[in-house]
Asks: 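Quick one: structure below, then a few questions.
Throughout, protein chains are lettered first and strands after them, A, B, ... in sequence-line order, and every chain is numbered starting at 1.
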There are 2 protein chains.
Amino acid sequence: MPPKTHQRTRSDHASEVAEDYVEAIADAIAQRGVCRAVDLVSHFAVTHATVNNTVARLQRDGLVTTLPYQPIELTATGKRLAAQSRKRHAIVQSFLERLGVSAQTAAIDSEGMEHHVSKETLNAMKRVLEQGWPSDGEST
Amino acid sequence: MPPKTHQRTRSDHASEVAEDYVEAIADAIAQRGVCRAVDLVSHFAVTHATVNNTVARLQRDGLVTTLPYQPIELTATGKRLAAQSRKRHAIVQSFLERLGVSAQTAAIDSEGMEHHVSKETLNAMKRVLEQGWPSDGEST
DNA sequence: CCAGAAACTTAGCCCGGGCTAACTATTGGC
DNA sequence: GCCAATAGTTAGCCCGGGCTAAGTTTCTGG
Ligand SMILES: [Mn+2]
Ligand SMILES: [Mn+2]
Ligand SMILES: [Mn+2]
Ligand SMILES: [Mn+2]
């Protein structure tokens, strides 16, 4: 029972940074029209050098395109991943708020949790948001 | 709003392996009386070399004690962390099941999610397990 | 009792994702 | 139009957490 479990967690982590980056890049483009490295530096609270390395990996993996001193753009694949990640993130975050957790905490916790939420769990959360809590003997 | 958020996720990850290891070590001791490296190898689906490295880090950090070819033992600190981690894990896993997620999926997803669940969120989950869903009345 | 199996160790490698420091390019305010 | 501030790049470092391969120790059952 345990082995597969931990393998899944490790593989979730392998795609985590990519998911958060494309999401942030898409948001920056939506809000400011363009995404510059400096936007990611402040969003993730890492250094310029780190952003550079990471963006290079994303480019290697076909998620973004960028040229020296130019804004960062998303490939079609990158856009798809961004849209998907944003949706999942929003559901997890809203779900936590629905649970009664403060918006602040929901924002923080969902940032990590989102990457470990399977389709099945995501659907369960979506169901709650759309149809309320699972029936479980109401009272009061 | 974003910066702190991602810093928290990164710090969660920094303690994740330690938490999972002490939990697994405590379980092995509870079940087999003793924890050998080979137990961790199969539990985490990693190689013996990896377990060795990791256990050395845990020892460096004061969570376990071990001598060559001897079983792995938990320090007082390690035992405390194990107990705490096991409790948190159980709550997250049970919560997912309560949500209607299959036991299989709950086991997998909770393994990653647990490390990102704050006190506040954990309390919200515990409340559901003990007192049912937040009253929100409306439905159907 | 002892040989082979199982468990463990060690060395050396890899990649991701952080960092600092030093440099270069772009840009915009004067 | 220039120059300082801002943005971006590059080199070189670190650690965590994986791996393989090769050797060593311990245990066990025949
Ligand atoms: Mn996200
Ligand atoms: Mn995230
Ligand atoms: Mn875990
Ligand atoms: Mn995680």
Asks: Counting only side-chain nitrogens and oxygens, does A:Arg57 get under 4.0 Å of the OP1 or OP2 atom of C:dG17?
Replies: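 Yes.
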Asks: For residues A:Asp109 and B:His116, report the shortest heavy-atom separation together with the two atoms involved.
Replies: CG-O, 3.4 Å
Asks: Taking any heavy-atom pair under 4.0 Å as a contact, classify A:Val17: base, sugar-phosphate, or nothing.
Replies: sugar-phosphate
Asks: In whole Å, I'd like the distance from the CG atom of B:Asp20 to the P atom of D:dG17.
Replies: 11 Å
Asks: Tell me: CG of A:Asn52 to C1' of C:dA22, nearest whole Å?
Replies: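 Checked: the CG to C1' distance equals 14 Å.
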Asks: Please check the phosphate of D:dG16 (OP1 and OP2 only) for any side-chain N or O of B:Arg60 closer than 4.0 Å.
Replies: yes
Asks: Of all the nucleotides listed (D:dT20, C:dC8, D:dG17), which has the minimum atom distance to the side chain of B:Arg36?
Replies: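 Closest nucleotide to the B:Arg36 side chain: C:dC8.
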Asks: Roughly how many Å is it from CG in A:Asn53 to C1' in D:dC14, rounded to a whole number?
Replies: 13 Å
Asks: Just the rounded figure in Å: distance from P of C:dC8 to CD of B:Gln70.
Replies: 10 Å
Asks: Would you indicate what B:Val51 reaches in the nucleic acid, counting non-hydrogen atoms under 4.0 angstrom: base, sugar-phosphate, or nothing?
Replies: nothing
Asks: OP1, OP2 of C:dG17 versus side-chain N and O of A:Thr54: anything below 4.0 Å?
Replies: no
Asks: In whole angstrom, give the distance that lies between atom CD of B:Glu19 and atom C1' of D:dG16.
Replies: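 The answer, rounded to whole Å, is 15 Å.
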Asks: Whole angstrom is fine here: how far is it from CD1 in A:Ile72 over to P in D:dG8?
Replies: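 Taking atom P of D:dG8 as the reference, CD1 of A:Ile72 is at 8 Å.
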Asks: Which heavy atom of B:Val41 sits nearest a heavy atom of B:His48, and at what distance?
Replies: CG2-CA, 3.7 Å
Asks: Mind calculating the distance between NE2 (B:His48) and P (D:dT26) to the nearest angstrom?
Replies: 14 Å
Asks: Looking at every non-hydrogen atom in both residues, tell me the closest pair between B:Glu120 and A:Ser102 and how far apart they are.
Replies: OE2-N, 2.6 Å
Asks: Which comes earlier along DNA chain C counting from the 5' end, the contact point of A:Thr50 or that of A:Pro68, where each point is its nearest nucleotide?
Replies: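 The residue mapped nearer the 5' terminus is A:Thr50.
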Asks: Return the value, rounded to whole Å, for the distance between atom OH of B:Tyr69 and atom P of D:dT28.
Replies: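 Rounding to the nearest Å, OH of B:Tyr69 and P of D:dT28 are 16 Å apart.
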Asks: Could you pull out the closest heavy-atom pair between B:Val22 and B:Gly78, with the gap in Å?
Replies: CB-O, 3.9 Å
Asks: So, OP1 or OP2 of C:dG17: does either fall under 4.0 Å of a side-chain N or O from B:Arg10?
Replies: no
Asks: From the list D:dA7, C:dT10, C:dG18, which nucleotide is the closest neighbour of the side chain of A:Val46?
Replies: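 That would be C:dG18.
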Asks: What's B:Ala49 touching, base or sugar-phosphate or nothing? Going by heavy atoms closer than 4.0 Å.
Replies: base
Asks: Please answer: with hydrophobic residues joined when any side-chain heavy atoms are less than 4.5 Å apart, are A:Val46 and A:Leu58 in the same cluster?
Replies: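 Yes, one cluster joins them.
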